[in-house]
Enquirer: 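The structure that follows is given in the form of C-alpha cells.
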Amino acid sequence: MCDACVIETVKNRMLSRRSFFRAAAAGAATVAAASSGALSPALAAAPTTVTDLTHELHEEFPTFFGQQQFWREQKFNYKEHKFNLFELRVNEHTGTHLDAPLHFSEDGKSVAEIPVSDLVVPLAVIDIRAKADANPDAQLTPDDIKAWIAANGELPEKACVALLSGWGKHLGTDKFRNADADGKMHFPGFHVEAVQYLAENSSAVGIAVDTLSLDYGISPDFATHYAWLASGHWGLEGAANLDQLPAKGATLVVGAPKVRGGTGGPSRVLALV
C-alpha cells in the first residue's frame, strides 16, 4: 500500500473514532440533563443568534449612588514588559450586574452559590416603553404580567422576567440617573406587587431591568429588592439591548462571577434566539 493511502486510511479511522466519541458524549450529556431536570425544558431550541445584553464597563459608567465604582491601574504594559495587565477595583453592583439573594438578606445565597441551572433560563420580555415614555416613575405591575400572559401564554418554567423600559437610550446622559434637584432619581422599575405575584404564581428564578435598580428610582425603601431577593431569587440590573429580543423564545445566559460570599457582581449576559 502506498504511503499516501496509509495516511488517508489512518486519518479516516481517527475521524470516525472522534465522531463516535463526540456522539457518545453528546448523548450522555442529553440523558444526564434530561434525567436530572437541571435545565428548563422551555429553553430556546437550536439558537441561531446571540445578543449581548451587557453594557461596556468603564470608569465613568453611571451608578446608583452617583459616584465612581470602577477603577483600573495598569501594572504592566507591552512597551516595557511585552504584555499588558490591569489591576481592577470594582463595586459589586456596577454596570450590567447581578444581585444575589445575599444582597438584601441576612443569610441568602451568595453569587457563587446560585445554581448554574438558574443562570441559563428562558427569558420573558415585558415591554412597558409606552408607560415609561409618559412617566419616568412608571412601574411594571401584575397587570402588565397578566397582559403578557394573555398575549404569549404562560411564563416559561424557571424564567427570567425582564422589564423593557427603553431606558438604555438615555445611557451617556444625565437622564439615565434622572436625578431631580433633591437628588431623587426617576426611572422605571418593578412594583413590589409584581414580584410578589411572580413568587406566588410562577417558577421564575430571576428578574431583569434596563435601569439602575430593580425598584423604581424614587423608591424610598427598596421594597422590590427585599421582597424578591430575600425570597431566594436573583435580579439583573443595567441590562442592554432588550429591545432586540422577542417577547418570548430567547434563552438567557448570565455569566455571573463566582466570588465566595459575594452579593453580586458585574456579569457578561447573553441572549440566544
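As a basis for the values below, the full set of heavy atoms in this structure was taken, side chains included, without hydrogen atoms, waters or symmetry mates. A quick note: this is a predicted structure, and the numbers were derived from the prediction, not measured.
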Enquirer: Do the side chains of E87 and R72 get close enough for a salt bridge, i.e. N-O under 4.0 angstrom?
Expert: no
Enquirer: Under a single-linkage definition using a 4.5 Å side-chain heavy-atom cutoff for Ile, Leu, Val, Met, Phe, Trp and Tyr, are L140 and L123 assigned to the same hydrophobic cluster?
Expert: no
Enquirer: Could you check whether any side-chain N or O of H81 sits under 3.5 Å from a backbone N or O of N77, counting only pairs where one atom can act as donor and the other as acceptor?
Expert: yes
Enquirer: Give me the atom names and distance for the closest heavy-atom approach of L85 to F83.
Expert: CB-CE1, 4.1 Å
Enquirer: Check whether any side-chain heavy atom of W148 lies under 4.5 Å from a side-chain heavy atom of K248, and answer yes or no.
Expert: yes
Enquirer: Quick one: does N84's side chain get under 4.5 Å of F76's, heavy atoms only?
Expert: no
Enquirer: With a 3.5 Å distance limit and no angle check, can you tell me whether D118 reaches the backbone of I114 through a side-chain donor-acceptor pair?
Expert: no
Enquirer: One pair to check against side chain to side chain contact (heavy atoms under 4.5 Å, CB included): F187 and I218. What are the steps and the verdict?
Expert: CA-CA 7 Å; F187 53 72; I218 202 172; over 6 Å; no
Enquirer: How long is the span from the CG atom in L198 to the CD atom in E193, to the nearest 0.5 Å?
Expert: 12.0 Å
Enquirer: Does E154 have more than 12 heavy atoms from other residues, nucleotides or ligands lying within 6.0 Å of its CD?
Expert: no
Enquirer: Does any part of the side chain of V253, heavy atoms only, come nearer than 4.5 Å to the side chain of L119, both counted from C-beta?
Expert: no
Enquirer: Give, for atom NZ of K146 and atom CD1 of I126, the distance between the pair rounded to the nearest 0.5 Å.
Expert: 12.0 Å
Enquirer: Take V121 and V254 through the test side chain to side chain contact (heavy atoms under 4.5 Å, CB included) and record every step on the way to the result.
Expert: CA-CA 9 Å; V121 296; V254 182; over 6 Å; no
Enquirer: Any idea which heavy atoms bring S213 and V209 closest together, and the distance?
Expert: O-CG2, 3.5 Å
Enquirer: Between K184 and D182, is there a side-chain N and carboxylate O pair less than 4.0 Å apart?
Expert: no
Enquirer: For the backbone of D52 and the side chain of N241, can you confirm whether one donor and one acceptor N or O come within less than 3.5 Å of each other?
Expert: yes
Enquirer: Is there a side-chain contact between P246 and V125 in this structure, where contact means two heavy atoms from C-beta onward sitting under 4.5 Å apart?
Expert: no
Enquirer: The test is side-chain hydrogen bond (donor to acceptor under 3.5 Å, both in side chains); show your working for N178 and H170 and say whether it passes.
Expert: CA-CA 9 Å; N178 204 25; H170 301 307; over 6 Å; no
Enquirer: Is a donor on one side and an acceptor on the other found under 3.5 Å between the side chain of S117 and the backbone of L39?
Expert: no
Enquirer: Taking the side chain from H103 and the backbone from P101, do they hold a donor-acceptor pair closer than 3.5 Å?
Expert: no
Enquirer: Could you check T263 against E92 for side-chain hydrogen bond (donor to acceptor under 3.5 Å, both in side chains), going step by step and ending with a plain yes or no?
Expert: CA-CA 7 Å; T263 71; E92 291 175 311; 2.4 Å; yes
Enquirer: Within the distance-only criterion (no hydrogens, no angle test), does the side chain of T251 pair as donor or acceptor with the backbone N or O of P122 below 3.5 angstrom?
Expert: no
Enquirer: When rounded to the nearest 0.5 angstrom, what is the spacing between OH in Y216 and NE2 in H191?
Expert: 7.0 Å
Enquirer: What I'd like to find out is whether the side chain of H55 reaches to under 4.5 Å of the side chain of L171, using heavy atoms alone.
Expert: yes
Enquirer: Is there a ring pair (Phe, Tyr, Trp, His ring centres under 6.0 Å) between F222 and F64 once you walk through the steps?
Expert: CA-CA 12 Å; F222 294 107; F64 184 86; 5.8 Å; yes
Enquirer: Would you give the length of the straight line joining atom CG of L88 to atom CD of E73, rounded to the nearest 0.5 angstrom?
Expert: 10.5 Å
Enquirer: Say you draw a straight line from CE of M185 to CZ of R177; how long is it, rounded to the nearest 0.5 Å?
Expert: 5.0 Å
Enquirer: Taking everything shown except E56 itself, do over 12 heavy atoms lie less than 6.0 Å from its CD?
Expert: no
Enquirer: What residue among T211, D215, L163 forms side-chain contact (heavy atoms from CB on, under 4.5 Å) with F190?
Expert: L163
Enquirer: With a cut-off of 6.0 Å (strictly less than), are more than 12 heavy atoms of other residues, nucleotides or ligands near CG of D174?
Expert: no
Enquirer: When you look at H225 and S219, which way does the side-chain hydrogen bond (donor to acceptor under 3.5 Å, both in side chains) test go after all the steps?
Expert: CA-CA 10 Å; H225 277 80; S219 169; over 6 Å; no
Enquirer: Between L212 and F176, does the side chain to side chain contact (heavy atoms under 4.5 Å, CB included) criterion hold? Intermediate values first, please.
Expert: CA-CA 8 Å; L212 283 170; F176 193 70; 3.6 Å; yes
Enquirer: Mind checking whether I149 and I128 sit in one hydrophobic cluster, side chains of I, L, V, M, F, W, Y counted as touching below 4.5 Å?
Expert: yes
Enquirer: Hey, is K169 close enough to D243 for a salt bridge, meaning N to O under 4.0 Å?
Expert: no
Enquirer: With the side chain counted from C-beta on, respond yes when V273 and L245 share a heavy-atom pair under 4.5 Å apart, and no when they do not.
Expert: yes
Enquirer: Checking side chain to side chain contact (heavy atoms under 4.5 Å, CB included) for the pair V161/L155: CA distance, chi angles, key distance, verdict?
Expert: CA-CA 8 Å; V161 178; L155 289 168; 4.2 Å; yes
Enquirer: How long is the gap from CG on D99 to CD1 on I207, to the nearest 0.5 Å?
Expert: 9.0 Å
Enquirer: Any sub-3.5 Å donor-acceptor pair from N201's side-chain atoms to Y197's backbone N or O?
Expert: yes
Enquirer: Strictly distance-based, threshold 3.5 Å: is any side-chain N or O of W71 a donor or acceptor partner for the main-chain N or O of V90?
Expert: no
Enquirer: Determine the minimum heavy-atom distance between T54 and V269, stating which atoms define it.
Expert: OG1-N, 2.7 Å
Enquirer: Find out whether P115 and K109 are in side-chain contact, i.e. whether some heavy atom of one side chain is under 4.5 Å from a heavy atom of the other.
Expert: yes
Enquirer: Between the main-chain N or O of T141 and the side-chain N or O of Q139, is there a donor-acceptor pair closer than 3.5 Å?
Expert: no
Enquirer: In the structure I gave you, are the side-chain heavy atoms of P136 and W167 within less than 4.5 Å of one another anywhere?
Expert: yes
Enquirer: For the residue pair L214 and E237, what are the closest heavy atoms and their distance?
Expert: N-OE2, 2.9 Å
Enquirer: Judged by atom type as modelled, is there a donor-acceptor pair below 3.5 Å linking the side chain of T96 to the main-chain atoms of S267?
Expert: no
Enquirer: Closest heavy-atom contact between P257 and G264?
Expert: CG-O, 4.1 Å
Enquirer: What heavy-atom pair brings I145 and A194 nearest, and what distance separates the two atoms?
Expert: CD1-O, 3.6 Å
